[in-house]
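Data first, discussion second: the structure below is written as structure tokens.
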Amino acid sequence: PYTYNWNNGAYSTEDLTNLSAGVYKVVVTDLYGSKDSLTVTINAAPDNIPPTITCPANVTKGNDTGVCGAVVNYTVNVSDNCSYTVQQTTGLPSGATFPIGTTTNTFVVTDAGGNVSSCSFTVTINDTENPVITCPSNISVNNTLNQCGATVTYTAPVGTDNCPGATTTQVAGLPSGSFFPIGTTVNTFKVKDASGNYSTCSFTVTVVDAQMPVINCPGNITTNNTPGQCGAVVTFTAPVGTDNCPGATTTQVGGMPSGSMF
């Protein structure tokens, strides 16, 4: 006959099914007081339950004003029957400024039993902000002497944008330093960003023809009458005016044409 106890009486025989994993000492005592002991190791049952991780729904929003991206906050929910660690393997953390475009965010949770779960979601930031461009004021000048126009220089506008990569092009008119004709020329510039947003501006260059045309008449003519006539047929070279611009016309507005009986 003998008696026994676990861990020096810490557990009775009825408690054994509730023992947690660990190392225990078993002491056996017979009726004569002789004792012997051994150690017993109880191993934990394997954890076959994977952790649970839930990512938020995909996020789509416009950029923050003046920023090439947007701040996004999100929450990833994790639970498990044992301790665990969570690692973000792709993307950006909550509260970061996400760039224009789509960013994939992936999270992996690993519990103490080596079970692994993961989830992913995307954050898409659209560039909804138009670039900005400002043209110079309208320009008005007189023609260059003896020219049907004038050379005009101006500072060509360059657009700006919340994101890099915007390009500015002239879509109408003439570039700075060109010879502008008499009249009004509309100059239009367009700035376009990488997302296809664009803005335009325009200004005019007006060249005024301030130069008078030139005309030179022949010298005065004195002649005697034609015999038997109360006058004389006189011919002369009719003057033709010139101008700095084409299209000038010369008309006789007084007197008689060459070859008439004066």
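Only a predicted model underlies this, so the values are computations on that prediction, with no experimental measurement involved. Any value given below was found using the heavy atoms of this structure, including those in side chains, with hydrogens, waters and symmetry copies removed. Numbers for residues simply follow the sequence, beginning at 1.
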Identify the residue among Thr89, Thr106, Asn58 that makes a side-chain hydrogen bond (donor to acceptor under 3.5 Å, both in side chains) with Ser120.
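It is Thr106; the other options fail the test.
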Which of these passes side-chain hydrogen bond (donor to acceptor under 3.5 Å, both in side chains) with Asn244: Asp209, Thr144, Asn146?
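Result: among Asp209, Thr144, Asn146, Asp209 is the only option passing the side-chain hydrogen bond (donor to acceptor under 3.5 Å, both in side chains) with Asn244.
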Under the side-chain contact (heavy atoms from CB on, under 4.5 Å) criterion, do Lys61 and Phe98 qualify, and how do the steps go?
CA-CA 10 Å; Lys61 63 179 298 187; Phe98 283 74; over 6 Å; no
Within the distance-only criterion (no hydrogens, no angle test), does the side chain of [X] pair as donor or acceptor with the backbone N or O of [Y] below 3.5 angstrom?
{"X": "Asn105", "Y": "Leu92", "value": "yes"}
{"X": "Asp111", "Y": "Asn115", "value": "yes"}
{"X": "Asp161", "Y": "Ala166", "value": "no"}

More than 12 heavy atoms of other residues, nucleotides or ligands under 6.0 Å from [atom1] of [X]: yes or no?
{"X": "Tyr198", "atom1": "OH", "answer": "no"}
{"X": "Asn216", "atom1": "CG", "answer": "no"}
{"X": "Met212", "atom1": "CE", "answer": "no"}

Determine, using the 4.5 Å side-chain heavy-atom cutoff (strictly less than), whether Ile221 and Phe262 are members of one ILVMFWY cluster.
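Result: yes, single cluster for both.
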Linking I/L/V/M/F/W/Y whenever any side-chain heavy atoms sit under 4.5 Å apart, do Val86 and Val76 land together?
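Val86 clusters together with Val76.
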Between [X] and [Y], which heavy-atom pair has the shortest distance, and what is it?
{"X": "Phe121", "Y": "Pro56", "result": "CB-O, 3.3 Å"}
{"X": "Ile100", "Y": "Gly69", "result": "CD1-N, 3.9 Å"}
{"X": "Cys135", "Y": "Phe189", "result": "SG-CD1, 4.2 Å"}
{"X": "Gly62", "Y": "Ala70", "result": "O-CB, 3.6 Å"}
{"X": "Pro181", "Y": "Val207", "result": "O-CB, 3.4 Å"}
{"X": "Pro239", "Y": "Ile215", "result": "CB-CG1, 4.0 Å"}

So do [Y] and [X] actually touch side chain to side chain, heavy atoms under 4.5 Å?
{"X": "Thr206", "Y": "Asn138", "result": "no"}
{"X": "Cys163", "Y": "Ser195", "result": "no"}
{"X": "Thr167", "Y": "Val191", "result": "no"}
{"X": "Thr128", "Y": "Asn63", "result": "yes"}
{"X": "Thr97", "Y": "Val67", "result": "yes"}

Checking side-chain contact (heavy atoms from CB on, under 4.5 Å) for the pair Thr110/Val108: CA distance, chi angles, key distance, verdict?
CA-CA 7 Å; Thr110 305; Val108 177; 4.2 Å; yes
Give the ring-plane orientation class for Tyr154 versus Phe203, where under 30° counts as parallel, over 60° as perpendicular and anything between as tilted.
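The rings of Tyr154 and Phe203 stand perpendicular, inter-plane angle above 60°.
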Are side-chain N/O atoms of Thr204 and Thr184 paired as donor and acceptor at under 3.5 Å?
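No, no side-chain donor-acceptor contact under 3.5 Å.
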Sort out for me which residue in Asn77, Asp80, Val78, Val116 forms a side chain to side chain contact (heavy atoms under 4.5 Å, CB included) with Ile53.
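In the set Asn77, Asp80, Val78, Val116, the residue that makes a side chain to side chain contact (heavy atoms under 4.5 Å, CB included) with Ile53 is Val78.
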